[in-house]
Amino acid sequence: MSAARTAISHPLVGSLLAVAMLACAQGCLRSPPGFDSPSGTKRLEAAVEAAERSDTTEIPALINQLGSDDAAARLVAIRSLERITGETFGYDHAAPAAERAQAIERWRAAYTDAAGGGD
């Protein structure tokens, strides 16, 4: 089986594609791009693009996405943060909410310290 076919048949990729298709069917093509878009697909695209550009200015928006109710948004956000920073701070997109919240606080503290806002 080819690598492309294997990737497409992976359950997570299939789920993300289904989410994207549903969102587009609901009008995402008319939605503005970026993390503030009402379209979940556009927010996912913004996270992927930030990772591709290694855009450190998008770290706060990606950290905010870690708190999303959407597991796909959380997964893409943590993978984007990991690609940009090389860190996860123990964040698991599928962990219980309390564990995710603790990891999000570690992300916020690390970002604040790196930005010069820590003591």
Side-chain angles (χ1 to χ4, degrees):
M1 186 178 299
S2 74
R5 187 170 178 182
T6 301
I8 291 172
S9 66
H10 188 278
L12 179 59
V13 173
S15 296
L16 290 174
L17 288 173
V19 168
M21 289 176 14
L22 177 61
C24 283
Q26 295 173 350
C28 76
L29 296 175
R30 294 182 298 272
S31 297
F35 287 104
D36 294 328
S37 177
S39 165
T41 301
K42 296 292 184 176
R43 292 190 302 273
L44 289 173
E45 289 172 359
V48 169
E49 289 170 8
E52 288 173 349
R53 294 188 315 268
S54 293
D55 188 348
T56 58
T57 65
E58 297 290 10
I59 290 174
L62 288 165
I63 293 171
N64 287 339
Q65 289 296 303
L66 296 177
S68 174
D69 291 337
D70 181 359
R74 296 191 308 264
L75 175 62
V76 172
I78 192 57
R79 292 300 156 239
S80 296
L81 284 165
E82 185 176 24
R83 183 168 176 184
I84 294 167
T85 68
E87 298 288 344
T88 65
F89 294 107
Y91 183 88
D92 176 357
H93 79 284
E99 288 178 31
R100 292 194 318 264
Q102 291 172 348
I104 291 168
E105 286 308 311
R106 289 191 296 272
W107 268 105
R108 291 188 200 284
Y111 181 75
T112 299
D113 289 346
D119 291 334

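Not measured: the values here are computed from a predicted model.
- For the pair Ser54 and Ile84, the tightest heavy-atom approach, listed with the atom from each and the gap, is CA-CG1, 3.9 Å.
- Separation of atoms CD1 (Ile63) and OG1 (Thr112) is listed at 7.5 Å; rounding is to 0.5 Å.
- For the atom pair Arg100 CZ and Ile78 CD1, the distance stands at 12.0 Å (nearest 0.5 Å).
- The only option from Leu81, Val76, Asp55 that meets the side chain to side chain contact (heavy atoms under 4.5 Å, CB included) definition with Leu62 turns out to be Leu81.
- Partners of Asp92 by side chain to side chain donor-acceptor pair (under 3.5 Å), not counting sequence neighbours: none found.
- Residues satisfying the side-chain contact (heavy atoms from CB on, under 4.5 Å) test with Glu87, not counting sequence neighbours, are Thr85, Phe89, Trp107.
- Separating the CD atom in Glu58 from the CZ atom in Phe35 is a distance of 5.0 Å, to the nearest 0.5 Å.
- Side chain of Tyr111 to main chain of Ile59: no donor-acceptor pair is present (N/O by atom type, distance under 3.5 Å, no hydrogens or angles).
- Rounded to the nearest 0.5 Å, atoms CD1 (Ile104) and CZ (Arg74) are 8.5 Å apart.
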| task | Would you sort out whether Tyr91 and Leu66 count as a side chain to side chain contact (heavy atoms under 4.5 Å, CB included), showing the intermediate values? | result | CA-CA 8 Å; Tyr91 183 88; Leu66 296 177; 3.6 Å; yes
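- Between Asp70 and His93 there is no side-chain heavy-atom pair separated by less than 4.5 Å.
- The two atoms that bring Arg83 and Ala51 nearest to each other are NE-O, 3.7 Å, heavy atoms only.
- Atom-to-atom distance recorded for Arg43:CZ and Ser68:OG is 6.5 Å, nearest 0.5 angstrom.
- Under a 3.5 Å cut-off, the side chain of Ser37 and the backbone N or O of Pro33 do not form any donor-acceptor pair.
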